[in-house]
**Q** 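To start, I am sharing the structure in question, which I have written as structure tokens.
Only heavy atoms go into these numbers, but all of them, side chains included; no hydrogens, no water, no symmetry mates. Everything quoted here is computed from the prediction, not taken from an experiment.
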Amino acid sequence: MSRYSATEIEARWQEAWDKAGIFRASRQADRPKYYVLEMFPYPSGRIHMGHVRNYTMGDVIARYKIATGHNVLHPMGWDAFGMPAENAAMASGGHPKDWTYQNIADMRAQMKPLGLSIDWSREFATCDPEYYGQQQALFLDMLDAGLVYRKNAVVNWDPVDMTVLANEQVENGRGWRSGALVERRELTQWFFKISSMSEELLSALDTLENWPAKVRLMQENWIGKSRGLQFSFERTDGGAPITVYTTRPDTLMGASFVGISPDHPIAKQLEAENPEVAAEVARMREGGTTEEAIETAEKRGYDTGIRVRHPLDPNWELPVWIANFILMDYGTGAIFACPAHDQRDLDFCRKYDLPVIDTFLDLDDPKPVANTAFVPPKEQKVRWVNHFAGLDVATGQEAVDATIRFAETAGWGEGVTKYRLRDWGLSRQRYWGCPIPVVHCDSCGVVPEKKENLPVRLPDDVSFDRPGNPLDRHPTWRDCACPSCGKPAKRETDTMDTFVDSSWYFARFTAPRAETPTVMEDAEYWMNVDQYIGGIEHAILHLLYSRFFARAMHITGHLPAKSKEPFDALFTQGMVTHEIYQTRDENGRPVYHLPEDVENGKLKATGEPVEIIPSAKMSKSKKNVVDPVSIISAFGADTARWFVLSDSPPERDVEWTAAGAEAAHKHLNRVWNLSDRIGAMQPDASGEGDEDLLREMHKCIRDVTNGVESFGFNAAIAKLYAFTNTLAKSTAGAAAQKQAIMTLAQLMSPMTPHLAEDIWAHQGGEGLVATAPWPKADPAMLVDAAVILPIQINGKRRAEISVPVDMGKAEVEKLALATDAVQKALNGAAPKKVIVVPGRIVNVVV
RNA sequence: GCGGGUGUGGCGGAAUGGUAGACGCGAGGGUCUCAAACACCCUUACCGCAAGGUGUGUCGGUUCGAGUCCGACCACCCGCACCA
């Protein structure tokens, strides 16, 4: 008898797959294709358990699809541009390129032992000139198509990273990577016209049926479509009218004041002229922009002294206030406040003693607003106090529509649809990114580089001893000839946001070595991604940008029309979490400890007890990390794969526990021993219960297949556990047991491919289990001859009977009524009602 | 504040409106062993000696029957842009 040695068999089978080339994808018109993709990693240098979980899920799908006859594309690459490489270069003096490629080599070496069914021949990194050169070509095509433009813009400047951040990359007023307070600066920037597709990107969300509803909703909110009324208030001093946008124009008769943002041109003008305003506005701008700060921040306002006329009553004058809760970059940066129906406005008016006017009342409880604004859902009917368009009882939505029509007819306002989505600023003042392929010429202006000169390569001879962009201070790289007039000119030194790199890599995988961004035949064949898998953290940015890019690539002829939505199905997996072990230093500050240094709640080294903090996402700072490499060397890849799939539903977080990992390993050992035992049986040995075993086997095929198809990996694994237990206890003959163990190996092969392969070979299976056709459940074997029916009395289970599966309702009822429990409950009386659900249950109502 | 999600044993979690707690962990008991480890077997929602009763966050409702459907509420988690 031999022993299960994961290290030995895993290396052997990986070599066998490699040799057979079974994961190499090529176009085959006669087979259905399947493209499965996991979000590609940033090459940090170390894989973590989150990667293992992400790639294992994709691998299960990929291997299952291979077994069901699909031509599978399952590629892998590296999201390799970005600031950590520059940070590392600044910290330790190396070159971002060397750092990145070394990390890629390290990570690839850590990933390969996982035994993933990846077509490594398609691998690329976004920092390969062959990739970013094609990205530059795409950029030029998009420029041609009017999808890229330059404008002066106030940008978020990160003073630590010395770079511009997209609005979306600013978190609570701080840079999302550096955490530094963001400053506002004006620069000329390149923008993608993503806002030109707002409506399209919004309405197409409805077609993404196989995306999580949550992600679609997040994108919907991000695009932020609203319908409202735009109109102007005339100033009594004859100054330029103040234009406001409102989604509740129906409350105009409840207007209390006009509010403008501290960044509104009028506020800025007053700020420049009047020191008192300047001081007040400065106070409004300070204070955190965090949720908490905003929640607790007091409403602040300043009466400008400006007065405006109400559009419906020239004698009605409203004051104009600067208010800290009005944002300049939404709508027009000016509003009218209706305190009766907006809590913010109400708080403000109570503070500054401004009037509160009810415009509509609750039908059931028509009392005036006191200190809580009356804000019913827009679908709720309310009674109007004084509606200029003559409404009496109507919903808010009806009133909004009526008001817009009224204003348009009267000519003092217009209905406007606005989107919150803003254009995507892509310029970054960084070295380690894709150079923007344009040239600045004194005579010709901004000139696109010629395609034959692509890629515009990053120079290698750069240093990072000073902050800022080394391309700016490079002695020769900037100098070039103008592509248009040939005179000396300067290259653009900005590089692209790394979100550009990840916005089309999925398309590049279909033709990774092509001399054009894509090849239409390959894109036609392989696109779309049938199943995309990744973290929820990319719900908005990456996925929205990719949707935009896919459309842009269609417009520029790089993708077929069907790829406008590039990801047919999306799955967002949960995180891997772990308990946190903490002690405190002499100053009471927390000190964290790696799980491998802790045993039974004590530090291995000193015996000091640790405080155990409930599980959280694995993070280096909390040291609650488990290194996949050490798990693989201790237990093997199959154990790690099995465990990350087994304990929780894939969309939820899974808690890594040492006990769980050991249990997974024990189980795989048990399966291996089982195969060993069955292999040693006399081939013609007969036994008891062949049919029972095979029936269970077919049920297991059905359940595991359903589980894999529906991302119920944990449920599929539970069924595999149960069937293994059944097989271990079976006394069936050798032939049945052999069939059972081989089927078990096949069903396990997407999750634990190496072990499955070894068992398959041990049992004399033909070829590789990786390419063996997926087993089919025989419907006839799924139906049991007899079924146990629970008997309920008034909905409570009291007894059970065993009946043939095809027994008629009347007969079942007779048997049920004859049971002791029912007889006792009836006590001679007739039942009020008997419900018989065939094959399920009998309920007797007494 | 707005939007979304989740609440089931000691723990992770199963359950097309039909036997709540599959499967795993942990725990307890046993076999083997000089002993331990490994392995294997049994038990394990709670209360109760038992009969029996109670149980899926809380309260109500629909139903022959509710973890599942409906209403209100509570708690926790996630996202967000005070979005007019």
Side-chain angles (χ1 to χ4, degrees), chain A residues 167-168 170-172 212-218 220-222 224 226 228-229 244-249 251 259 261 289 291 293-295 297 299 323-327 329-338 341-345 347-348 373 375 418-422 536-537 539-540 577 615 642-643 646-649 651-664 666-667 669-670 673 703 712 714-725 728-729 788-800 831-846:
Chain A
N167 285 314
E168 298 91 322
V170 179
E171 291 171 353
N172 300 328
K214 181 186 177 137
V215 173
R216 297 197 316 237
L217 187 73
M218 284 167 81
E220 186 183 325
N221 290 339
W222 189 262
S226 68
L229 183 73
V244 301
Y245 170 73
T246 176
T247 55
R248 288 307 298 262
T251 62
S261 162
T289 52
E291 232 174 294
I294 286 160
E295 285 299 315
K299 300 284 172 285
N324 65 343
F325 61 89
I326 299 166
L327 303 178
D329 52 8
Y330 189 83
T332 60
I335 62 158
F336 75 81
C338 176
H341 307 295
D342 183 306
Q343 190 61 44
R344 267 187 336 248
D345 295 349
D347 293 344
F348 190 92
V375 191
K418 284 200 187 288
Y419 300 87
R420 174 201 170 279
L421 183 65
R422 292 185 285 261
I536 187 78
E537 66 271 22
I540 297 173
T577 67
S615 266
W642 183 259
F643 180 72
S646 67
D647 252 26
S648 289
E651 66 277 13
R652 265 195 247 172
D653 293 350
V654 64
E655 181 176 9
W656 184 277
T657 63
E662 275 162 33
K666 274 186 202 171
H667 177 73
N669 230 312
R670 216 174 293 142
N673 290 337
D703 294 340
N714 57 325
I717 283 183
K719 298 293 182 187
L720 288 167
Y721 267 110
F723 181 58
T724 306
N725 291 340
K729 286 176 189 158
I788 292 168
L789 285 186
I791 311 292
Q792 291 184 338
I793 296 167
N794 294 337
K796 297 243 179 216
R797 184 182 167 279
R798 295 296 181 207
E800 58 183 35
K832 280 189 189 146
K833 196 168 180 182
V834 181
I835 293 106
V836 179
V837 184
R840 278 292 184 182
I841 206 162
V842 180
N843 191 13
V844 182
V845 186
V846 299

**Q** Select base, sugar-phosphate, or nothing to describe what A/V845 touches, counting heavy atoms under 4.0 Å on all strands.
**A** sugar-phosphate
**Q** In whole Å, measure the gap between the C1' atoms of B/G65 and B/G18 for me.
**A** 7 Å
**Q** Between B/C2 and B/C59, how far apart are the P atoms? Round to whole Å, please.
**A** 27 Å
**Q** Have a look at A/K666 and say if it touches a base, only the backbone sugar-phosphate, or nothing, with a 4.0 Å heavy-atom cut-off.
**A** sugar-phosphate
**Q** Please determine if a side-chain N or O atom of A/K833 lies less than 4.0 Å away from the OP1 or OP2 oxygen of B/C64.
**A** yes
**Q** With a 3.5 angstrom cut-off on both distances, give the Watson-Crick or G-U wobble partner of B/G7, or none if there isn't one.
**A** B/C74
**Q** Give a yes/no answer on whether the side chain of A/N725 brings an N or O atom under 4.0 Å of OP1 or OP2 in B/G24.
**A** yes
**Q** Quick check on RNA chain B: between A/M218 and A/E662, whose nearest nucleotide comes earlier from the 5' end?
**A** A/E662
**Q** Would you indicate what A/S646 reaches in the nucleic acid, counting non-hydrogen atoms under 4.0 angstrom: base, sugar-phosphate, or nothing?
**A** nothing
**Q** Is there a donor-acceptor pair closer than 3.5 Å between any side-chain N or O of A/T246 and the backbone N or O of A/L229?
**A** no
**Q** Under 4.0 Å between any heavy atoms, over every strand shown, what does A/N221 touch: base, sugar-phosphate, or nothing? Just pick one.
**A** base
**Q** Identify each atom pair where a protein N or O and an N or O of nucleotides 41-45 of chain B are less than 3.5 Å apart, giving names and distance.
**A**
none

**Q** Please list, pair by pair, any protein nitrogen or oxygen found under 3.5 Å from a nitrogen or oxygen in nucleotides 56-61 of chain B.
**A**
none

**Q** Across all strands, who's sitting opposite B/U19 as a Watson-Crick or G-U wobble pair, both distances under 3.5 Å?
**A** none
**Q** Applying a 4.0 Å non-hydrogen cut-off, can you work out what A/A715 is touching in the nucleic acid: base, sugar-phosphate, or nothing?
**A** nothing
**Q** Categorize A/N794 for me: base, sugar-phosphate, or nothing, with a 4.0 angstrom heavy-atom threshold over every strand shown.
**A** nothing
**Q** Quick one: which of B/G4, B/A84, B/C82 gets closest to the side chain of A/T247?
**A** B/A84
**Q** Under a 3.5 Å cutoff, is there a donor and acceptor pairing between the side chains of A/Y245 and A/S226?
**A** yes
**Q** Using a heavy-atom cut-off of under 4.0 Å over every strand shown, decide if A/D345 touches base, sugar-phosphate, or nothing.
**A** nothing
**Q** Heavy atoms only, 4.0 Å cut-off, all strands: where does A/L217 land among base, sugar-phosphate and nothing?
**A** sugar-phosphate
**Q** Partner of B/U56 by Watson-Crick or G-U wobble geometry, both contacts under 3.5 Å, or none?
**A** none
**Q** Using a cut-off of 4.0 Å on non-hydrogen atoms, how would the nucleic acid contact of A/Y245 be classed: base, sugar-phosphate, or nothing?
**A** base
**Q** Across the strands shown, which category fits A/R216 at heavy-atom distances under 4.0 angstrom: base, sugar-phosphate, nothing?
**A** nothing
**Q** Taking OP1 and OP2 of B/G12, is either one under 4.0 Å from a side-chain nitrogen or oxygen of A/R652?
**A** no
**Q** Could you tell me whether B/G9 is syn or anti, where syn means a glycosidic angle within 90 degrees of zero?
**A** syn
